[in-house]
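Have a look at the structure below, then the notes.
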Amino acid sequence: MPSQNSSSFQSNQTKSSSPDFNLSLSERALAAAGAAFLSAVIVNPLDVAKTRLQAQAAGVPYQNLPSTCRFEPNTVMLHDTKRFPQYKGTLDVFQKVIHEEGFSRLWRGTNASLALAVPTVTIAGSVARSLACVTCYPVELARTRMQAFKDAQHGTKLPGVWKTLVGVVSADTNTNLHSSFRSFRFLWTGLGAQLSRDVPFSAVCWATLEPVRRRILGMWGGHESGGVGVVVGANFAAGFVAGVLAGASTCPLDVAKTRRQIEKDRVRALRMTTRQTLVEIWRDGGMKGLFTGVGPRVGRTGPSVGIVVSFYELVKYALHTYTTQH
């Protein structure tokens, strides 16, 4: 998918070009959007696995909640592992989802990922990207909630992005949060954690990508001698390494983001900070808790960044070749 962090990295990528490949803004936007679309479709199952593992660690029951994605106390349910079996890892998530919900459920939330892709990868500039992130964040919140739960009945039609967001705003609670402002404010729960995750993610990616790409291109003789095979191979390999390192190093912040987005207590969700959430995760699960879902996260961010970078550079290469021959 691209996830929001790989999308943020991709929007930086659109400002970079190979020394001899200079494209117009519209061509760069086209290449970026195509890369984001391809990445979102391919890696979404890993995003579903990561989200469900993190949701389970946060205390969300395995069984799905009502269609509006409202949260109810689940203290008893957490200990009833016979009735609500626990996920044991990434492959176990895949097996249970396919067996109990259907193969297509692995692509749950893809529509939200695609809705996020265009504004987050085609807008240039740090301020504009941050604005796009803030504006589109409710869709990100909906995606996490859509991916986090098992549907109550196999074959039923699950709520989409809009219905999920309506359920978030109109959820019945036993709190005094009756004001419209606070209800809509809840749609941005966890935004700070996401921004805190995306900045170091992009930093690690950029710090890793360019040196690895230059080294590989140097070994393979550069763009000129290798042609399209070198362009795709070098960029995918460099992007894969960068994505793995960035995904692993920012996993605790990703866990905090997910924990904030699925918090059942609305008052607590609005009052908790990213730092407090990280401290709580450490208190409850230690280092293992902070890196819950790191396997599928790394398995997603590596190929995701690799696909984004290599596809983008491939489109640039193709457009450059076409323009020089006509």
Side-chain angles (χ1 to χ4, degrees), residues 1-15 25 29 32-33 36-37 39-40 47 51 54 69 109-148 160-171 177 179-206 246-247 250 252-263 266-278 301 304-305 308:
M1 72 158 180
S3 62
Q4 195 73 13
N5 46 14
S6 59
S7 296
S8 175
F9 170 75
Q10 171 62 16
S11 59
N12 280 312
Q13 176 72 7
T14 61
K15 299 189 296 180
L25 181 61
F37 180 90
S39 175
D47 198 44
T51 302
Q54 291 178 349
C69 295
T110 302
N111 57 341
S113 298
L114 297 177
L116 288 167
V118 175
T120 54
V121 304
T122 58
I123 298 177
S126 299
V127 175
R129 286 194 305 275
S130 297
L131 179 61
C133 178
V134 172
T135 303
C136 299
Y137 184 78
V139 180
E140 167 70 19
L141 177 72
R143 179 178 65 178
T144 299
R145 291 191 165 212
M146 290 165 67
Q147 293 177 339
V161 175
W162 177 252
K163 192 172 181 180
T164 299
L165 293 178
V166 170
V168 171
V169 173
S170 62
L177 293 181
S179 71
S180 298
F181 174 76
R182 289 197 174 186
S183 294
F184 281 98
R185 180 187 166 195
F186 192 71
L187 294 176
W188 279 266
T189 301
L191 175 62
Q194 176 164 304
L195 293 174
S196 298
R197 179 200 66 179
D198 288 352
V199 171
F201 183 94
S202 293
V204 173
C205 267
W206 276 111
T250 58
L253 290 166
D254 187 67
V255 175
K257 178 194 76 77
T258 301
R259 182 74 63 94
R260 295 289 311 283
Q261 290 176 327
I262 63 175
E263 173 59 52
R266 293 167 68 88
V267 174
R268 188 170 180 273
L270 293 175
R271 292 178 178 174
M272 285 289 287
T273 65
T274 302
R275 180 180 178 277
Q276 290 172 329
T277 304
L278 288 170
T301 55
S304 179
V305 175
V308 162

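Remember, predicted model here, so these are calculated numbers, not experimental data.
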Inset, instruction - To the nearest 0.5 angstrom, please state how far the CZ atom of R145 sits from the CG atom of L165. - result: 9.5 Å
Legend entry - From CG (L278) to CE (M272), nearest 0.5 Å: 9.0 Å
Legend entry - Set of residues satisfying side-chain hydrogen bond (donor to acceptor under 3.5 Å, both in side chains) with respect to T110, sequence neighbours excluded: N44
Inset, instruction - Please test D47 against R143 for side chain to side chain contact (heavy atoms under 4.5 Å, CB included), starting from the C-alpha separation and ending with a verdict. - result: CA-CA 10 Å; D47 198 44; R143 179 178 65 178; 4.2 Å; yes
Inset, instruction - Apply side-chain contact (heavy atoms from CB on, under 4.5 Å) to L195 and list each qualifying residue two or more places apart in sequence or on a separate chain. - result: C133, L191
Legend entry - Counterpart residues, side-chain hydrogen bond (donor to acceptor under 3.5 Å, both in side chains), relative to T51 (two or more places apart): Q147
Legend entry - Gap separating the CZ atom of R275 from the OG atom of S196, nearest 0.5 angstrom: 13.0 Å
Legend entry - Trace of the side chain to side chain contact (heavy atoms under 4.5 Å, CB included) decision for Q194 with W188: CA-CA 10 Å; Q194 176 164 304; W188 279 266; over 6 Å; no
Legend entry - Interatomic distance, T250 atom OG1 to R197 atom CZ [nearest 0.5 angstrom]: 7.0 Å
Inset, instruction - Check S39 against V308 and note the closest heavy-atom contact, atom names and distance. - result: CB-CG2, 3.9 Å
Inset, instruction - Please name the pair of heavy atoms, one in T274 and one in A256, separated by the smallest distance, quoted to 0.1 Å. - result: CG2-CB, 4.4 Å
Inset, instruction - Could you check Q54 against T144 for side chain to side chain contact (heavy atoms under 4.5 Å, CB included), going step by step and ending with a plain yes or no? - result: CA-CA 10 Å; Q54 291 178 349; T144 299; over 6 Å; no
Inset, instruction - Not counting sequence neighbours, which residues clear side-chain hydrogen bond (donor to acceptor under 3.5 Å, both in side chains) with T273? List them please. - result: Q276
Inset, instruction - Give, for atom CG of L253 and atom CZ of F201, the distance between the pair rounded to the nearest 0.5 Å. - result: 12.0 Å
Inset, instruction - Kindly write out the residues that satisfy side-chain contact (heavy atoms from CB on, under 4.5 Å) with T189, not counting sequence neighbours, or none if the list is empty. - result: F186, R260, A269, L270
Legend entry - Min side-chain heavy-atom separation E140-Q261 under 4.5 Å: yes
Legend entry - Rounded distance (nearest 0.5 Å) linking atom CG of L141 with atom SG of C136: 13.0 Å
Inset, instruction - Please report the closest heavy-atom contact between Y137 and L187, naming both atoms and the distance. - result: CD2-O, 3.3 Å
